[in-house]
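Heads up, the thing below is written out as structure tokens.
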Amino acid sequence: MASFQIPLFGFVIFILVRFVFGLGLSLAPISRDLQFAVMLGLDADTVILNQTQFRKAVDTIVSAGSLITAEYADIPIDHDDPSVGTYKNRYWVSDKAYAPGGPVFVYDAGETNAESIAQFILTNASRSIFKNFVEEFHGVGIAWEHRYYGDSMPFPIDLATPPDRFKYLNYQQALADLPYFARNFNRTIANQTLAPTITPWIMVGGSYAGIRSAFTRDKYPDVIYAALASSAPVEARIDMSVYFDQVYRGMVSNGYGNCTKDLQAANFYIDQQLMTTETAADVKRLFYFSETTSNEDFVSALANIYNTFQSYGMGGGNTSLGSLCDYLERDPSSNATAGSNGLAPLVGNGTIAKRLANWPMLVPIINASNQVDFNLSKQITDSPSLYCWTWQYCSQWGYFQSDNRGSRSLLSRYLTLDYFQKKCYWEFPRAVENGLLPKAPQTAAVNNETGGWWMRPSNVFWSGGSFDPWRTLSPLSTEDIAPQGVEPTTEIPACNVETGEKQVFGYIMENAVHASDFLIDFAPGVKSRGYFTDALKAWLPCFKPDHK
């Protein structure tokens with residue numbers, strides 16, 4: 001992957017108010033940036049060490065193709081009450097590869113401003129797997145932006161937005177947007193009608209967008225004929241401490257078992273120091289934090305060292321988790337190196353914590369992960385995307401990534417479910433007072449409506465990485481909390497036929513992490529995509545146009 005020579009940031013003392021780590025699929029705008037960067041073939045350093053240079057790199061790569069003009073569709077703000085009005089939802093269309101009879105592929109951009117990713121997936125011939133799908137099947141490609149993100153705003157969103165404006169930001173309303181658009185998409189290309197009753201529409205998405213792909217095929221099978229649901233955690237769940245079980249497994253399987261022990265030793269030392277006011281102040285200063293920072297916010301910020309794992313595993317450059325481990329496992333003062341039990345037994349837990357505090361990449365990672373205004377009069381962020389996603393997981397999805405207690409623990413014990421729930425209350429105090437934000441995410445209601453990880457819509461291919469933290473809540477999950485005895489199969493089901501509850505048409509990519517099948521040159525991803533395209537070749541001939 002490409003790398004840039006970027007000067008290191010200086011150490012600074014933080015005045016921390018609230019951190020966004022560990023909440024939901026996007027722990028900050030940087031999460032999406034990292035996922036986009038790995039698709040582009042860039043390492044994590046390009047995102048973390050210099051956001052300006054990263055943006056320039058994205059612009060250069062994206063502009064290498066022929067830019068596509070954005071279009072806007074009128075979409076009901078409330079699909080159950082047309083009197084509320086409509087808003088303009090942004091989308092992009094490419095028909096360069098189209099031949100009569102080809103399908104329509106829709107790429108769902110998920111919880112982000114879709115401008116850059118839309119241009120990339122529709123125009124980049126060398127790295128876009130979506131463009132490959134469109135070309136292979138001679139189809140039309142559409143990139144779709146999610147309501148409340150980017151330029152698809154029913155209302156202006158900032159920290160002063162009235163809480164009742166968020167009531168239209170839920171999975172049900174958002175799920176209805178694309179089908180509404182598709183049914184009213186009257187465009188004709190090469191004398192071919194592209195309405196979903198005449199032409200098969202295929203939805204492609206990864207992560208939250210992967211959830212949407214599966215849900216849309218399940219609820220609107222008359223609109224979406226087939227779907228790729230990559231790394232799709234369709235089971236809403238408040239407690240997602242299991243996220244870090246996957247990080248632990250990935251570290252151990254890639255030869256960093258000793259590092260897990262030292263990270264546990266560092267957390268144990270930090271937690272001990274946080275037990276008294278005087279020692280808590282000392283340990284916070286050790287890590288360049290203000291002693292007024294709360295214990296929870298302090299350890300939440302430190303947990304950003306795991307940010308790159310979701311997209312890069314143990315790789316990714318100088319800011320990667322693997323790079324931290326390589327640094328942590330040698331004590332320069334004694335020249336001691338870690339054994340199978342880590343370095344801590346040789347030098348002590350306190351020394352390991354100091355090594356972590358002095359890792360040159362720690363402060364740049366925290367800075368990049370918390371690009372917010374720490375004005376005490378404000379809340380977590382001025383970023384509309386992050387603010388909207390915070391609403392979504394606080395109201396419906398949960399996904400609170402608290403400490404995974406036990407032998408695989410990688411976090412501080414101060415990172416509790418109660419702490420993450422309080423963060424939701426802090427961010428939307430007026431919504432709590434008005435009863436618009438529930439006391440806890442309504443995960444049970446979501447799962448009752450959708451089926452959660454029991455859902456088995458036909459014509460859907462599920463994919464996930466062996467160490468993907470989000471596979472833990474997908475139908476491909478092998479966790480103790482998931483349904484037991486469910487087996488993935490790559491045998492293509494008959495078109496329009498659901499698999500049984502104990503079988504999932506999907507593939508788990510070896511030594512892979514989140515949405516790894518979107519990486520153009522990743523061999524297990526190539527194999528996974530092959531199963532999907534083979535399935536499309538079997539399913540598409542079954543499509544029966546309605547010419548009424």
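Computed from a predicted model, the values in this text were never measured in an experiment.
Remark: the E296 side chain and the Y419 side chain contain no N/O donor-acceptor pair separated by less than 3.5 Å. No donor-acceptor contact under 3.5 angstrom links the side chains of D326 and S323, judged on distance only. Donor-acceptor pairing under 3.5 Å is lacking for the side chains of D271 and Y269. Between the side chains of Q310 and W470, a donor-acceptor pair is found at a separation under 3.5 Å. In this structure, a donor-acceptor pair under 3.5 Å is present between the side chains of S231 and D468. Side-chain contact, N267 with R413: no donor N or O sits under 3.5 Å from an acceptor N or O. There is a side-chain donor-acceptor pair under 3.5 Å between N254 and N511. Inspection of the N258 and E329 side chains reveals an N or O donor paired with an N or O acceptor under 3.5 Å.
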task: Given side-chain contact (heavy atoms from CB on, under 4.5 Å), test E111 with R32 step by step and report yes or no.
output: CA-CA 9 Å; E111 72 289 15; R32 274 290 181 177; 2.7 Å; yes

query: Run the ring pair (Phe, Tyr, Trp, His ring centres under 6.0 Å) check on Y393 and Y399 step by step: do they pass?
result: CA-CA 7 Å; Y393 62 68; Y399 300 144; 8.2 Å; no

task: Take D297 and S300 through the side chain to side chain donor-acceptor pair (under 3.5 Å) test and state the conclusion after the steps.
output: CA-CA 5 Å; D297 287 339; S300 180; 5.7 Å; no

- request: Under the side-chain contact (heavy atoms from CB on, under 4.5 Å) rule, what do V140 and V93 come out as? Steps first, then yes or no, please.
  value: CA-CA 7 Å; V140 171; V93 179; 3.8 Å; yes

query: Is there a side-chain contact (heavy atoms from CB on, under 4.5 Å) between D108 and V204 once you walk through the steps?
result: CA-CA 6 Å; D108 189 284; V204 174; over 6 Å; no

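Aromatic ring centres of Y248 and Y243 lie farther apart than the 6.0 Å criterion allows. Taking the centre of each ring, F133 and F532 come in below the 6.0 Å mark. With ring centers used as reference points, H146 lies under 6.0 Å from Y208. Less than 6.0 angstrom separates the ring centroid of F181 from the ring centroid of W144.
For E510, the CD atom sits in a loose shell: 12 or fewer heavy atoms of surrounding residues, nucleotides or ligands are nearer than 6.0 Å.
In summary, R529 and D517 do not engage in a salt bridge, as defined by a charged side-chain N under 4.0 Å from a carboxylate O. Using a 4.0 Å cut-off between charged side-chain N and carboxylate O, E115 and R90 make a salt bridge. With salt bridges taken as basic N to acidic carboxylate O contacts below 4.0 Å, none links K56 and D59.
When each of Y171, F166, Y168 is tested with W391 by the rule ring-ring contact (aromatic ring centres under 6.0 Å, His included), just one qualifies, namely F166. Partner of R147 under the side chain to side chain donor-acceptor pair (under 3.5 Å) criterion, out of N89, D177, N170: D177 alone.
A cation-pi arrangement is found for R355 relative to Y327, the charged atom lying closer than 6.0 Å to the ring centre and inside a 45° cone about the ring normal.
Pairing each heavy atom of V513 with each of S311, the nearest pair is CG2-O, 3.6 Å.
Separating the OH atom in Y148 from the CZ atom in R165 is a distance of 8.5 Å, to the nearest 0.5 Å.
Aromatic ring orientation, F244 versus Y306: perpendicular (interplanar angle above 60°, classes split at 30° and 60°).
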